[in-house]
Amino acid sequence: MIDPVLLREQPDVVRWSQQVRGSSPDLVDAALAADVARRTALTEFETLRAEQNAFSKKVGQAQGDEKKALLAEVAELAERVKAANAAANDAETAYHAAAGALENIVLEGVPAGGEADFVTLREQGTRATFDFEPKDHLELGEALGAIDMARGAKVSGSRFYFLTGIGARLEIALMNMALDRALAADFIPLITPTLVRPEIMSGTGFLGAHADEIYYLPADDLYLTGTSEVALAGFHSDEILDLSDGPLRYAGWSTCYRREAGSSGKDTRGIIRVHQFNKLEMFVYTTPEDAEAEHDRLVAWQEAMLQALGLSYRVIDVAAGDLGSSAARKFDIEAWVPTQDAYRELTSTSNCTTFQARRLNTRHRADGGKTTPVATLNGTLATTRWIVALLETHQQADGSVVIPEALRPYLGGLDRITPTPATTRPKADS
RNA sequence: GGAGACGUCGCAUAGUUCGGCCUAGUGCACCACCCUGCUAAGGUGGAGUCCUCGUAAGGGGACCGCGGGUUCAAAUCCCGCCGUCUCCGCCA
């Protein structure tokens with residue numbers, strides 16, 4: 001939900017934002033009209049209600065014939081109040097629908113255009129080169145006894161997998177390393193619910209254009225979350241926060257579920273794009289004034305993590321048309337994946353300014369003591385997918401993989417993982 | 001899954017029997033001031049959230065878990081939902 005005052009006073013800014021996103025600027029005029037209609041209806045209802053309240057007071061005090069006369073007089077007024085109330089409610093609903101269709105105001109400097117129009121802010125680290133034919137992450141993962149796609153498919157279908165042995169340990173190590181780094185930066189760790197109510201799912205803006213990406217459990221009217229961002233954003237809904245000691249930072253650990261409905265045929269090999277994975281997500285509540293600086297801090301923590309893991313990456317400023325409806329700006333970090341000869345997204349961090357908080361009614365007290373919506377930001381610190389870049393980047397000619405130093409403490413000091421003979425891998429009896 | 005109790009302005013409570021003196025009382029905590037004079041006590045006053053009209057001063061409206069209904073009028077009566085607690089049942 002965008003700021004209604006901004007909509008009213010600077011509709012051109014909203015039009016511009018819709019334009020650079022490639023969305024319809026006509027929605028702005030529809031929302032403006034709905035706003036006027038809503039306030040007109042509201043004023044009418046309130047005037048009638050005030051009249052009725054005054055009358056009711058008199059009725060309460062009156063006796064006998066006088067009371068009867070007043071009752072007769074007020075009956076018709078009551079009908080009009082009821083009608084006006086209904087009209088005001090309808091106008092309110094219509095306004096919410098119209099204003100809700102507007103996406104967050106894009107920040108100045110965000111590149112216009114679609115998916116391909118991102119701007120690369122910087123590239124870090126040298127891309128891994130090999131004097132042998134590098135294997136892709138799945139070939140490596142299978143040889144290492146780390147990934148088992150076949151059994152994943154047998155048990156749950158395509159895009160499901162087992163992490164086995166060192167694969168399972170690798171993921172836990174990554175997540176723990178990320179958590180330790182988050183803790184060092186004073187994030188509060190949270191393990192979040194992964195099933196949420198419809199209001200929370202829609203409040204975070206995930207039931208819009210991407211509704212078919214989301215698993216839904218009709219028997220319980222609950223949604224499976226594709227990121228802990230959903231629960232983390234809902235955590236402080238309907239609350240007034242105290243931000244006087246600085247931002248509130250949370251690190252949410254959860255399993256994430258995604259239908260990947262629109263991506264059939266894409267990334268079908270391995271664990272790049274799967275229905276279920278784990279993620280450590282940073283989520284920040286801060287003041288609107290601090291949001292852009294915090295956004296940069298989130299990227300810095302992400303970059304430090306990738307650097308510690310010895311990965312080569314680039315940071316991109318995602319174009320307006322490729323932003324989610326809640327995001328005002330988004331930076332993705334993409335790691336170099338040697339066998340794909342391409343950068344692949346490992347993290348994403350969005351500045352949602354006050355858009356998400358307005359929907360979820362999360363506020364703080366500004367200096368004057370007035371309550372005002374907070375800004376929310378989110379960003380990835382580790383996910384299962386990182387294993388792809390790790391395995392491919394650090395692979396050796398003999399099929400072993402060197403563990404980056406920063407990760408070793410989380411693997412009992414292990415500095416290298418080596419292919420396991422097929423006989424020691426989990427295998428079927430017959 | 002069954003039965004029951006409950007949900008009130010930050011916290012704790014009163015109010016719901018019998019709808020209107022509820023503009024929701026009281027205690028604690030909070031803020032300002034006064035008195036006192038020193039890690040205390042007392043006094044006075046003030047405080048919530050949201051929407052809306054207005055340049056402003058200042059009006060108006062909504063909010064007693066949420067949403068409907070009855071009524072001239074709902075914290076109070078009726079219905080649905082959500083949540084909490086207790087007991088029973090069931091249980092990877």
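Chain A is the first sequence line, chain B the second, and so forth, proteins listed ahead of strands; every chain is numbered from 1. The figures that follow rest on heavy atoms only: side chains count, while hydrogens, waters and symmetry mates do not.
Applying the ring-ring contact (aromatic ring centres under 6.0 Å, His included) test to His236(A) and every residue at least two apart in sequence or in another chain returns Tyr250(A), Tyr285(A). Trp16(A) is linked by a ring-ring contact (aromatic ring centres under 6.0 Å, His included) to nothing, counting only residues two or more places apart in sequence or in another chain. Every residue two or more places apart in sequence or in another chain was checked for a ring-ring contact (aromatic ring centres under 6.0 Å, His included) with Tyr161(A), and none qualifies.
Between Arg197(A) and Asp221(A), no side-chain nitrogen of the basic residue sits less than 4.0 Å from a carboxylate oxygen of the acidic one, so the salt-bridge criterion is not met. A salt bridge between Asp26(A) and Arg15(A) is absent, with no side-chain N of the basic residue lying under 4.0 Å from a carboxylate O of the acidic one.
Remark: the separation of the P atoms in C78(B) and C6(B) is 12 Å, to the nearest Å. Spacing of P atoms, G65(B) relative to A75(B), comes out at 10 Å, to the nearest Å. Comparing the P positions of A74(B) and C21(B) gives an interatomic distance of 12 Å, to the nearest angstrom. Taking atom C1' on both nucleotides, G42(B) is separated from A5(B) by 42 Å, rounded to a whole Å. With C1' as the reference atom, U8(B) and C63(B) are 12 Å apart, rounded to whole Å. Comparing the same atom, P, in U26(B) and in C87(B) gives a spacing of 37 Å after rounding to whole Å. As rounded to the nearest Å, C9(B) and A62(B) have C1' atoms that lie 14 Å from one another. To the nearest whole angstrom, the two P atoms, one in C31(B) and one in A41(B), are 14 Å apart.
Side-chain contact between Asp242(A) and Arg365(A) is absent, with no heavy atoms from C-beta onward closer than 4.5 Å.
Spacing between atom CZ of Arg363(A) and atom P of G10(B) amounts to 12 Å, rounded to whole angstrom units. Rounded to an integer number of Å, the gap from Leu77(A) CG to A73(B) P is 9 Å. When the P atom of G83(B) is taken as reference, atom CG of Asp221(A) falls 11 Å away, rounded to whole Å. C82(B) atom P lies 15 Å from atom CD1 of Ile200(A), rounded to whole Å. In this entry the distance linking CD1 of Ile240(A) with P of C63(B) reads 19 Å, nearest Å. Whole-Å rounding puts the Asn85(A) CG to U70(B) P distance at 12 Å. Nucleotide G20(B) holds its C1' atom 16 Å from the CZ atom of Phe55(A), rounded to whole Å. Atom CG in Leu48(A) sits roughly 13 Å away from atom P in A73(B) (whole-Å rounding).
The side chain to side chain donor-acceptor pair (under 3.5 Å) contacts involving residues 316-329 of chain A comprise Asp317(A)-Arg329(A), where partners must be two or more places apart or lie in separate chains.
Aromatic ring centroids of Phe187(A) and Trp301(A) lie under 6.0 Å apart.
Under the 30°/60° scheme for interplanar angles, the aromatic rings of His275(A) and Phe160(A) are found to be tilted.
Contact annotation: Lys82(A) reaches the phosphate of U70(B) (side-chain N/O to OP1 or OP2, under 4.0 Å). Look at Arg365(A) and you won't find any side-chain N or O under 4.0 angstrom from OP1 or OP2 of G10(B). Contact annotation: Arg197(A) reaches the phosphate of G83(B) (side-chain N/O to OP1 or OP2, under 4.0 Å).
Look at C33(B): its Watson-Crick or wobble partner, with both distances under 3.5 angstrom, is G43(B). Base pairing annotation: A57(B) forms no Watson-Crick or G-U wobble pair, as no partner gives both donor-acceptor distances under 3.5 Å. Pairing for A62(B) goes to U49(B), judged as Watson-Crick or G-U wobble with the two contacts each under 3.5 Å. Applying the Watson-Crick and G-U wobble criteria (two distances, each under 3.5 Å), G20(B) pairs with C72(B). Of all nucleotides present, only G10(B) satisfies the Watson-Crick or G-U wobble test against C28(B), with each distance under 3.5 Å. In a base pair of the Watson-Crick type (N1 to N3 plus N6-O4 or O6-N4) or a G-U wobble (N1-O2 and O6-N3), with each distance short of 3.5 Å, A5(B) is matched with U84(B).
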Check: protein-nucleotides 79-81 of chain B nitrogen or oxygen pairs below 3.5 Å:
none

- Message: Working note: Leu298(A) + Leu381(A), criterion side chain to side chain contact (heavy atoms under 4.5 Å, CB included); need CA distance, chi angles, decisive distance, verdict.
- Response: CA-CA 9 Å; Leu298(A) 289 177; Leu381(A) 204 54; over 6 Å; no
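A donor-acceptor pair is defined here as one N or O able to donate and one able to accept, closer than 3.5 Å; such a pair exists between the side chain of Glu213(A) and the backbone of Glu260(A).
Nearest-nucleotide positions on RNA chain B for Val74(A) and Thr372(A) put Thr372(A) closer to the 5' end.
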- Query: When every nucleotide of nucleotides 51-62 of chain B is labelled 5' to 3' by its protein contacts under 4.0 Å (heavy atoms), B for base, S for sugar-phosphate only, - for none, what sequence of letters results?
  - Reply: BSS------BBS
